[in-house]
Amino acid sequence: MLQVQDIRDNKDRYIKALTKRGIDAAEVFKKVLDADENRKATQTKLDETLAESNSVSKEIGDLYKSGNAKEANVLKEKTVALKESSKELSSQLDSISEELQKLLWTIPNIPNDLVPAGLTEDDNEETFREGDIPVLAEGSMPHWELAKKYDLIDFELGVKITGAGFPVYKGKGARLQRALISYFLDKNTDAGYTEYQVPLLVNEASGFGTGQLPDKEGQMYHVGVDDLYLIPTAEVPVTNMFRNDLVQEADLPITCTGFTPCFRREAGSYGAHVRGLNRLHQFDKVEIVRIEHPDNSYKALDGMVDHVTEILRELKLPFRILRLCGGDLGFTSALTYDFEVFSTAQDRWLEISSVSNFEAFQANRLKLRFKNADGKNSFAHTLNGSSLALPRVLAGILENYQTPEGIKIPDVLVPYCGFDIIS
RNA sequence: AGAAAGGUGGCCGAGUGGCUUAAGGCGCACGCCUGGAAAGCGUGUAUACGGCAACGUAUCGAGGGUUCGAAUCCCUUCCUUUCUGCCA
């Protein structure tokens with residue numbers, strides 16, 4: 001959520017930046033600023049009325065104490081009108097504030113200067129590419145066929161016990177999953193991130209804090225009897241640990257990592273693009289979250305990109321980095337880099353990580369502030385990224401490491417797996 | 001699920017209708033003291049909104065009510081803790 005004061009101070013620049021998302025914000029900004037003026041004026045009137053009420057009450061108290069009940073009773077009559085008008089003003093103020101709030105919720109974050117204009121994924125800008133795409137032997141397969149051939153994943157079994165999009169990992173497939181989780185967590189903690197295990201169900205306030213609610217309600221599984229949501233990403237519980245917090249400047253940055261399953265309803269397309277591990281309702285992910293001083297957040301974003309790059313480099317998977325264009329940028333993000341690994345057998349790129357700087361957009365919703373050296377409070381910047389999402393990494397490993405003898409295990413994973421080939 | 005006790009500032013914690021303008025402590029900041037530090041002493045220190053400012057207003061989990069006046073009384077609701085029950 002943007003701050004009204006920022007909109008006021010940077011109106012033209014913000015309007016221009018939002019055109020990169022294909023949004024003309026001129027009208028909504030005008031509405032916001034008008035509503036805010038209205039709010040201020042109403043608040044001032046209300047404050048004056050209440051101030052008078054308070055001073056009359058004090059007088060009445062004093063009169064009673066000095067035994068002058070008669071005069072006190074005269075004054076009491078005066079409070080009736082004051083009370084009425086303060087009630088009226090306060091309900092006006094409530095509805096104005098609510099209107100303002102609703103307007104603010106509809107406005108996405110302001111894209112950073114680096115964000116390319118453009119509305120579709122074709123406009124994303126490739127900033128980096130590394131790793132050779134292997135030339136596969138005759139008879140090479142997509143990962144879902146490999147998973148079946150080597151008995152690593154049973155998709156039908158998942159359908160039986162739950163439904164489509166809930167695979168069962170088995171044997172060396174399950175072990176490889178566990179190896180990846182441990183490896184990712186180790187890389188993250190080695191880089192200084194503190195490891196957390198967090199709840200997989202969150203309350204409504206948490207959904208609001210990170211921006212999944214109210215807009216994307218349909219994308220989360222909802223447990224009705226207890227009014228809780230299954231997390232779509234560890235970002236939600238991890239970032240919400242700091243909701244309503246006021247931290248000291250010296251405590252920044254706060255860096256966290258955590259492994260969680262993620263649950264996404266994603267009612268949408270079917271077909272080849274969602275086959276196998278490409279899109280699931282439940283998948284595993286290791287996430288990194290940073291709470292940063294605003295002056296340092298973009299440096300931190302670059303650091304996160306470098307960190308994920310190093311992991312993919314160690315896994316020796318062919319990957320590229322995209323700077324998302326305005327149209328592809330998430331609602332809450334100011335700048336996002338997507339990592340994609342090449343699926344050789346499918347001949348296409350698969351998104352495996354998304355690293356974003358939300359600036360103060362989430363912090364404003366979360367009320368996550370820090371106290372600086374002068375004792376002033378301001379919103380911290382929040383960032384997060386996957387390091388990494390498991391299924392597509394697994395798909396990439398299966399497809400890119402397949403040989404006629406079997407699937408080789410990337411060197412860095414061998415100690416975690418306890419085997420070096422799946423055959 | 002049943003019973004009981006609670007929810008107060010960055011944190012702990014006192015506070016049963018007006019002198020609460022929220023005590024006291026911890027923490028933090030600054031100063032004194034010190035070779036330097038600790039301790040000690042002194043001063044300051046909640047948040048939000050409005051205002052150039054003085055200042056005003058709101059906020060004691062949330063929402064409603066009683067009252068001229070509510071942290072305090074009443075109602076509703078959420079959450080936490082303890083005990084009982086169930087359970088890995």
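A note on names: the letters A, B, ... follow the listed sequences, proteins ahead of strands, and every chain is numbered from 1. Heavy atoms only: backbone and side chains are in, while hydrogens, waters and symmetry mates are out.
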(message) It should be established whether A:Arg39 places a side-chain nitrogen or oxygen under 4.0 Å from OP1 or OP2 of nucleotide B:G50.
(response) yes

(request) Indicate yes or no for a side-chain donor-acceptor contact from A:Asn364 to the backbone of A:Ala360 under 3.5 Å, with no hydrogens or angles considered. (result) no

(message) Assess, by modelled atom type and distance only, whether the side chains of A:Asn278 and A:Gln346 contain a donor and an acceptor separated by less than 3.5 Å.
(response) yes

(message) Do A:Asp154 and A:Tyr169 pair up side chain to side chain, a donor and an acceptor below 3.5 Å, judged on atom types alone?
(response) no

(message) Just N and O in the side chain of A:Arg369: are any of them under 4.0 Å from OP1 or OP2 of B:A48?
(response) yes

(request) Let me know, please, whether A:Asp94 or A:Thr44 comes out on the 5' side of the other along RNA chain B by nearest nucleotide. (result) A:Thr44

(request) Report the base-pairing partner of B:C11 (Watson-Crick or G-U wobble, both distances below 3.5 angstrom), or none. (result) B:G25

(message) Under a 4.0 Å threshold between the charged nitrogen and the carboxylate oxygen, would A:Asp12 count as salt-bridged to A:Lys16?
(response) no

(request) Kindly say if A:Asn54 contacts the phosphate of B:G69, meaning a side-chain N or O under 4.0 Å from OP1 or OP2. (result) no

(request) Find which nucleotide of RNA chain B each of A:Lys87 and A:Lys83 is nearest to by heavy atoms, and output the residue with the more 5' nucleotide. (result) A:Lys87

(message) Rounding to an integer number of Å, can you tell me how far A:Glu52 CD sits from B:C55 C1'?
(response) 17 Å

(message) In whole Å, measure the gap between the P atoms of B:C55 and B:A22 for me.
(response) 15 Å

(request) Report the distance from atom CG of A:Asn244 to atom C1' of B:A62, rounded to the nearest whole Å. (result) 13 Å

(message) Tell me which nucleotide, if any, is Watson-Crick or G-U wobble paired with B:C30 when both distances must be under 3.5 Å.
(response) B:G42

(message) Nearest whole Å is fine: how far is B:A48 P from A:Gln101 CD?
(response) 16 Å

(request) In whole angstrom, give me the gap between the C1' atoms of B:G35 and B:C28. (result) 26 Å

(request) Could you tell me which nucleotide pairs with B:A37 by Watson-Crick or G-U wobble geometry, both distances under 3.5 Å, or answer none if nothing does? (result) none

(message) Give me the distance, rounded to whole Å, that separates B:G31 from B:A37 when you measure between the P atoms they each carry.
(response) 11 Å

(message) Partner lookup for B:A58, please. Criteria are Watson-Crick or G-U wobble with both distances under 3.5 angstrom; report none if nothing qualifies.
(response) B:U47

(message) Using Watson-Crick or G-U wobble geometry with both distances under 3.5 Å, which nucleotide pairs with B:C87?
(response) none

(request) Nearest whole angstrom, please: distance from the C1' of B:G51 to the CG of A:Leu46. (result) 15 Å

(message) Using whole Å, what does the distance between atom C1' of nucleotide B:A70 and atom CG of A:Leu50 come to?
(response) 15 Å

(message) Tell me which nucleotide, if any, is Watson-Crick or G-U wobble paired with B:G6 when both distances must be under 3.5 Å.
(response) B:C79

(message) Using whole Å, what does the distance between atom C1' of nucleotide B:G50 and atom CD of A:Glu48 come to?
(response) 10 Å

(message) Tell me whether the rings of A:Tyr221 and A:Phe263 are parallel (<30°), tilted (30 to 60°) or perpendicular (>60°).
(response) perpendicular

(message) Nearest 0.5 Å, please: how far is CG in A:Leu301 from OH in A:Tyr337?
(response) 6.0 Å

(request) Rounded to the nearest angstrom, tell me the gap between atom CG in A:Asn377 and atom P in B:G9. (result) 15 Å

(message) Partner lookup for B:U16, please. Criteria are Watson-Crick or G-U wobble with both distances under 3.5 angstrom; report none if nothing qualifies.
(response) none

(request) Would you indicate, yes or no, if B:U57 has its OP1 or OP2 atom less than 4.0 angstrom from a side-chain nitrogen or oxygen of A:Lys45? (result) no

(message) I need the NZ-P distance between A:Lys40 and B:U57, as an integer number of Å.
(response) 20 Å

(message) If I pick the C1' atom on B:C87 and the same atom on B:U20, what distance separates them, to the nearest angstrom?
(response) 48 Å

(request) For B:G63 and B:U72, measure between their P atoms and round to the nearest Å. (result) 13 Å

(message) Please give the distance between the P atoms of B:C52 and B:A62 as a whole number of Å.
(response) 30 Å

(message) Looking at A:Arg290 and A:Leu383, would you say the former's side chain and the latter's main chain have a donor-acceptor pair under 3.5 Å?
(response) no

(message) Using the P atom as the point on both nucleotides, what is the distance between B:A71 and B:A58, in whole Å?
(response) 10 Å

(message) Counting only Watson-Crick pairs (N1-N3 plus N6-O4 or O6-N4) and G-U wobbles (N1-O2, O6-N3), all under 3.5 Å, who is the partner of B:U66?
(response) none

(message) For the C1' atoms, the ones on B:A23 and on B:G9, what distance do you get once it is rounded to whole angstrom?
(response) 13 Å

